[in-house]
There are 2 protein chains.
Amino acid sequence: MYICSMYSSELIKGTLKTIVLNLLKDNQKMYGYEISQKVKSMTDDKIQITEGALYPTLHALEKQGDVITEKVYIGKRVRKYYTLTDQGKVTRTERVNEFSDFMKTMKFLLDLDIATPNV
Amino acid sequence: MYICSMYSSELIKGTLKTIVLNLLKDNQKMYGYEISQKVKSMTDDKIQITEGALYPTLHALEKQGDVITEKVYIGKRVRKYYTLTDQGKVTRTERVNEFSDFMKTMKFLLDLDIATPNV
DNA sequence: CAAATATACATTTGATTCTTATGTATTCCA
DNA sequence: TGGAATACATAAGAATCAAATGTATATTTG
């Protein structure tokens, strides 16, 4: 699987955990490959998560207690399902809010906003 | 100068060049310290660019031909002014458009958008 | 007027996060 | 039956940033 994003890779940096956490909130239980395909289809191939980025991210989320895993065998092939913990739900909200706020700041900084009237 | 951003540092990654290029477009000619202060004040201290990030970024922009520099002495103290080249203006537009598009994609991905009616 | 703070440049080290590449194995389909 | 898709994983290297450190001048304030 050879993957590359249409965006300068730098932009994606720092948003991967947020994306994963948010998908897990909406879909309750997902496995790695499913997450990568979901992001790809939802963004019209604009964001394509590499495996080298995704799996370490998932492992990190598990290590820090934001997700728990469950192995399921489909025939002889294993799938590792990820589910948000209560802590993960909190982290998700924090991350999404932070990103949302960051976008507002950047919009202003890059003149992408129409001036809002004061008072 | 001790600096830290209120955002997870990862989020800023990849946006620094865009921010600098855009400021130079609006202000024509700026020096490093001025840029860091401008970003700080424009974002209500939310984004504070560290020197260890800013100066290498400015040097990189110069190396790749997006800015030219000019040294000015204020008394005995030197200031290095940065100005966008024609190429830098193109780069700025590309970067800002790319970021703008990325924000739209992320907004959709993070459910920050109200569903738009089809047709 | 001395000390602290602000101005102004710069580099080095280390952390983090990603891409690229590689590895293993199963399943499906043409 | 052989390539593509599914499904996991890790290692090496690149890029970008924060933190720390260094040098020096100018201004402010007690």
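Heavy-atom basis, side chains included; hydrogens, waters and symmetry copies ignored. First the proteins, then the strands, lettered A, B, ... as listed; each starts at 1.
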Interatomic distance where [atom1] belongs to [X] and [atom2] belongs to [N] [whole Å]:
| X | N | atom1 | atom2 | answer |
| --- | --- | --- | --- | --- |
| A:Y81 | D:dT6 | OH | C1' | 12 Å |
| A:Y33 | C:dT27 | OH | P | 15 Å |
| B:I35 | C:dT7 | CD1 | C1' | 15 Å |
| A:K40 | D:dT6 | NZ | P | 10 Å |
| B:L54 | C:dA10 | CG | P | 9 Å |
| B:I47 | D:dC17 | CD1 | C1' | 13 Å |
| B:Q48 | D:dA18 | CD | C1' | 13 Å |

Do B:Y33 and B:V78 share a hydrophobic cluster, counting only Ile, Leu, Val, Met, Phe, Trp and Tyr and linking them when any side-chain heavy atoms are less than 4.5 Å apart? no
Same cluster (ILVMFWY, side-chain, under 4.5 Å), A:Y82 and A:I68: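 Not linked; separate clusters.
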If I take atom [atom1] from residue [X] and atom [atom2] from residue [Y], how far apart are they, to the nearest 0.5 angstrom?
| X | Y | atom1 | atom2 | result |
| --- | --- | --- | --- | --- |
| B:L109 | A:L23 | CG | CG | 6.0 Å |
| B:I49 | B:L16 | CD1 | CG | 5.0 Å |
| A:L21 | A:K89 | CG | NZ | 12.5 Å |

A:K104 bridged to A:D101 by N-O distance under 4.0 Å: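 A salt bridge is absent here (no side-chain N lies under 4.0 Å from a carboxylate O).
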So, are B:R79 and B:E70 salt-bridged, with charged N and O less than 4.0 Å apart? no
Atom NZ of B:K80: over 12 foreign heavy atoms under 6.0 Å: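 Yes.
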So does B:T50 get a side-chain nitrogen or oxygen closer than 4.0 Å to the phosphate oxygens (OP1/OP2) of D:dA19? no
Does B:T57 have a side-chain nitrogen or oxygen under 4.0 Å from the phosphate oxygens OP1 or OP2 of D:dC17? yes
Using the rule side-chain contact (heavy atoms from CB on, under 4.5 Å), only one of A:T85, A:L24, A:V20 pairs with A:V67; which is it? A:L24
Which ones in residues 69-78 of chain B lie close to DNA chain C, meaning a heavy atom under 4.0 Å from one of its atoms? B:R77, B:V78
Nucleotide by nucleotide, 5' to 3', does protein get under 4.0 Å of the base (B), only the sugar-phosphate (S), or neither (-) in nucleotides 11-17 of chain C, counting heavy atoms? B----BB
Closest to side chain of B:Y31, choosing from D:dA9, D:dA7, C:dC9: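 Among D:dA9, D:dA7, C:dC9, the one nearest the side chain of B:Y31 is C:dC9.
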